[in-house]
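First comes the structure, then the notes that go with it.
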There are 2 protein chains.
Amino acid sequence: MTAPLDDASRTRPGRKAGAAVPNSDAVARLAGVSRSTVSRAFTPGASIAPVTLERVMAAARELSYSPNPLARSLISRRTDTVGLVMGHPENPFYQEVLTGFTSRLQRRDLRVMCQTAPDIESVEDSVRSLLRYNVDAVIVTSSGITSAAVGEAHAVGVPIILFNRTVEDDALSRVQTDNRRGGRAVADLLNHGGHRRLAYINGLENASTNRDRLAGFTERLGELGLPPPLLEYGEYSYEGGREAIKRLMLGGDPPEAVFCANDISAFGALDGLRYDLGLRVPDDVSLVGFDDVPMAAWPCFDLTTVRQRRNQMVEATLDSLDLLMRDPDRPPIRHDIPGRLIVRRSARLAPAG
Amino acid sequence: MTAPLDDASRTRPGRKAGAAVPNSDAVARLAGVSRSTVSRAFTPGASIAPVTLERVMAAARELSYSPNPLARSLISRRTDTVGLVMGHPENPFYQEVLTGFTSRLQRRDLRVMCQTAPDIESVEDSVRSLLRYNVDAVIVTSSGITSAAVGEAHAVGVPIILFNRTVEDDALSRVQTDNRRGGRAVADLLNHGGHRRLAYINGLENASTNRDRLAGFTERLGELGLPPPLLEYGEYSYEGGREAIKRLMLGGDPPEAVFCANDISAFGALDGLRYDLGLRVPDDVSLVGFDDVPMAAWPCFDLTTVRQRRNQMVEATLDSLDLLMRDPDRPPIRHDIPGRLIVRRSARLAPAG
DNA sequence: CACGGACTTGCACATCCTTGCAAACCCGAT
DNA sequence: ATCGGGTTTGCAAGGATGTGCAAGTCCGTG
């Protein structure tokens with residue numbers, strides 16, 4: 001009964017032996033200089049004679065050497081890697097965001113470490129895990145982030161940017177669609193259409209995107225003299241939206257128009273309306289989504305929605321990242337990028353005749 | 001006119017100063033042991049007295065220390081990170097695959113470095129870049145991979161697994177759907193439906209998935225005494241499929257049934273048929289896809305398709321990875337996982353009466 | 001009590017790179 | 001020929017850890 005810690009299966013397997021990854025020493029010998037000089041050859045702006053530089057580079061090419069970034073990071077504290085914590089990877093909008101980030105980060109010669117984090121605790125874990133790997137920055141696209149992980153990141157000077165998420169903590173940089181204004185625009189649109197009994201199909205309850213869209217929507221309805229919307233839970237998913245719309249329409253006081261927290265749940269609601277309930281859109285019910293994923297433009301859906309400017313948001317995030325990485329003490333950067341109402345055919349534009 | 005190499009903007013910014021990430025030395029001092037002992041405390045199976053282990057762990061907890069994986073990797077040659085090279089990130093099937101991989105790898109306590117690589121050269125670059133970061137293995141989900149990168153990986157003993165891709169090189173491990181058999185199954189289905197003039201809407205021409213699906217389809221048609229299919233290019237995309245179907249149907253000899261290289265292009269074809277051409281599916285034309293993405297089940301599409309067993313494929317990949325990481329000299333592992341024909345309403349099942 | 005064996009531990013070197021400092025060098029000027 | 005200034009370069013220390021080897025400890029046995 002000794003310590004049960006050992007775990008023979010985890011024993012490190014020998015990497016194949018003969019494998020020669022060249023190191024700076026080999027290059028130094030070949031070029032007839034010291035290792036320091038090799039290092040300087042690969043450090044932009046370091047003091048080195050042009051002719052020596054060329055000799056080192058030639059040797060490096062011959063051995064196809066390039067500095068080991070992990071060893072370099074030990075001392076430079078930079079890994080040229082950013083961490084990406086993804087929340088709801090089933091939403092096509094975020095899938096596009098993900099590929100936007102990876103391809104653009106690649107173009108800036110930055111590696112990206114992905115983590116998926118469905119719930120708050122795992123966001124914590126993910127951030128911590130990324131920090132241990134010395135990422136230069138962290139992008140979080142996920143519902144909640146408690147201040148603990150943020151604090152740790154700050155302590156080691158690693159910038160964190162929230163993408164389409166807000167928390168109470170004011171000290172955080174973030175880039176988001178102006179979700180509140182998006183919600184207000186939808187209220188205006190539906191009001192113009194002459195709808196009076198409105199409903200909102202919630203996304204995830206504690207996601208700030210969801211809260212802000214609903215808040216803007218409700219706020220503007222109030223200003224227009226309309227009652228607050230009925231609420232149902234759609235969970236940001238197709239199935240959720242499809243079930244939610246049934247509950248709404250079969251309830252006591254069915255709405256004339258429904259605003260869905262995102263496009264996917266709107267597709268569900270749309271299908272629920274026409275296939276489950278036999279209703280027509282927008283003749284019987286108007287429907288609006290949020291995101292403008294590519295599918296929203298397909299004729300089968302033709303969904304009126306609020307476009308999130310994905311590329312612009314991604315660019316803004318990366319630009320902010322650049323600034324924050326240069327100066328970790330810089331005050332937080334905020335971007336609220338206006339959405340754009342994309343009018344298609346799922347919502348009536350004028351009061352029914 | 002000196003060497004123009006320097007690039008002041010890249011100068012490394014000082015990480016915030018006071019930040020104290022504890023190192024093994026601090027733990028060693030606190031626990032009253034040497035650094036080696038601390039190291040052993042964190043190495044499963046290493047020789048250490050239980051009481052010492054506990055003392056070290058207590059000290060580590062107090063300082064919230066854990067070994068720096070980057071420094072560790074310098075000597076152990078393991079980073080607990082795998083590289084993931086993604087090909088066509090716009091296809092929802094691969095998006096699900098991606099999240100499948102990241103979440104499952106996380107569960108195995110492995111980090112994942114993502115790269116996107118639209119074309120062959122960038123696959124090369126991505127693999128090389130990942131190798132420099134010392135990943136323990138590479139998963140490639142992308143059209144082509146030339147033997148150069150594979151050779152380099154092999155040379156340093158890093159296993160590579162191709163996901164849903166094949167190359168001529170027999171020495172590669174891979175996991176894929178049995179695309180050829182999938183194609184054959186579709187041929188049988190359409191034959192049963194009484195269709196005789198068939199077409200295939202290509203995906204990307206040099207993707208092995210596409211070639212194999214087409215090969216199986218054509219082969220089986222031949223066995224059934226049917227002529228080879230008409231061909232059009234759909235590029236694996238919605239727009240591609242939608243254009244392709246128009247060219248097919250407006251050509252001299254329109255087909256009675258169309259097999260699309262994947263679901264997305266099938267959606268495009270479907271919409272082309274009903275919205276652009278005013279035809280009905282399956283009454284006028286039968287349509288079959290490949291993948292079984294979630295949308296295929298939506299009533300709006302109701303697409304007959306071949307399901308790729310995503311979870312099973314991902315699991316098989318990770319299991320193979322485990323084996324290969326333990327023993328880099330192990331012969332290549334192959335998995336050909338049968339697809340499953342999912343019959344819905346987009347293809348006629350019996351000859352038209 | 002001394003000895004052998006098994007188990008623990010520390011030393012020192014290894015991994016691979018960066019960088020402050022000081023020595024060496026070059027070249028023109030005195 | 002000597003000096004000074006600026007440039008280049010190497011040394012050695014530093015970053016954080018893993019590990020072979022040998023020394024040390026402990027315990028049971030003869």
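Below, chains carry the letters A, B, ... as their sequence lines are ordered, and counting in each starts from 1.
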At under 4.0 Å, does any side-chain N or O of B/Arg77 touch on OP1 or OP2 of D/dT17? no

Side chain to side chain contact (heavy atoms under 4.5 Å, CB included) partners of A/Ser122, counting only residues at least two apart: A/Ala117, A/Pro118, A/Asp119

I want to verify a distance call: between C/dT15, D/dT17, C/dT8, whose nearest atom is closest to the B/Pro50 side chain? C/dT8

Between P on C/dC17 and CD1 on B/Ile75, what's the gap in Å once rounded to a whole number? 14 Å

Would you say the ring centroid of B/Phe101 lies under 6.0 angstrom from that of B/Tyr94? no

Atom CG of A/Leu70 and atom P of C/dC16: how far apart are they, to the nearest Å? 12 Å

List in chain and number order the residues that pass side-chain hydrogen bond (donor to acceptor under 3.5 Å, both in side chains) with A/Arg128, two or more places apart in sequence or in another chain; answer none if no residue qualifies. A/Glu124, A/Glu152

Let me know the distance between CG of B/Asn68 and C1' of C/dT15, rounded to the nearest Å. 13 Å

List for me each residue that meets side chain to side chain contact (heavy atoms under 4.5 Å, CB included) alongside B/Asp319, sequence neighbours excluded, and say none if there are none. B/Arg108, B/Glu315

Could you give the OH-to-P distance, from B/Tyr133 to C/dT15, as a whole number of Å? 22 Å

Kindly write out the residues that satisfy salt bridge (charged side-chain N to carboxylate O under 4.0 Å, His left out) with A/Arg174, not counting sequence neighbours, or none if the list is empty. A/Asp336

Closest to the A/Asn23 side chain: D/dG18, C/dC16, D/dG15? C/dC16

Rounded to whole angstroms, how far apart are CD1 on B/Ile48 and C1' on D/dT19? 14 Å

What is the distance from CG of A/Asn134 to P of D/dG15, rounded to the nearest Å? 14 Å

Between P on C/dC17 and CG on A/Leu74, what's the gap in Å once rounded to a whole number? 11 Å

Taking only residues two or more places apart in sequence or in another chain, which ones pass salt bridge (charged side-chain N to carboxylate O under 4.0 Å, His left out) with B/Arg111? B/Asp109

Taking the minimum atom-to-atom distance to the side chain of B/Ser24, which one of D/dT17, D/dG14, C/dC16 wins? D/dT17

Min side-chain heavy-atom separation A/Val138-A/Val82 under 4.5 Å: no

Contacting residues from residues 29-39 of chain A, given that a heavy atom lies under 4.0 angstrom of DNA chain D: A/Val33, A/Ser34, A/Ser36, A/Thr37

Need the bend value for the helix from C/dC1-D/dG30 to C/dT30-D/dA1: angle between end axes, 5 pairs each end, nearest 10°. 70°

Taking OP1 and OP2 of D/dT17, is either one under 4.0 Å from a side-chain nitrogen or oxygen of B/Ser76? no

With sugar-phosphate meaning primed atoms plus P, OP1 and OP2, does B/Ser73 contact a base, only sugar-phosphate, or nothing at under 4.0 Å between heavy atoms? nothing

I need the CZ-P distance between B/Arg78 and D/dT19, as an integer number of Å. 11 Å

Could I get the full list of salt bridge (charged side-chain N to carboxylate O under 4.0 Å, His left out) partners for A/Arg61, not counting sequence neighbours? A/Glu54

Donor-acceptor pair under 3.5 Å: do we get one between A/Arg40's side chain and the base of D/dG10? yes

Is a donor from one side chain sitting under 3.5 angstrom from an acceptor on the other, for A/Gln106 and B/Thr116? yes

Considering residues at least two apart in sequence or located in another chain, which fulfil the side chain to side chain contact (heavy atoms under 4.5 Å, CB included) criterion with B/Asp25? B/Asn23, B/Arg29, B/Arg35

What nucleotide among D/dT19, D/dT17, C/dC17 has an atom nearest to a side-chain atom of B/Thr43? D/dT19

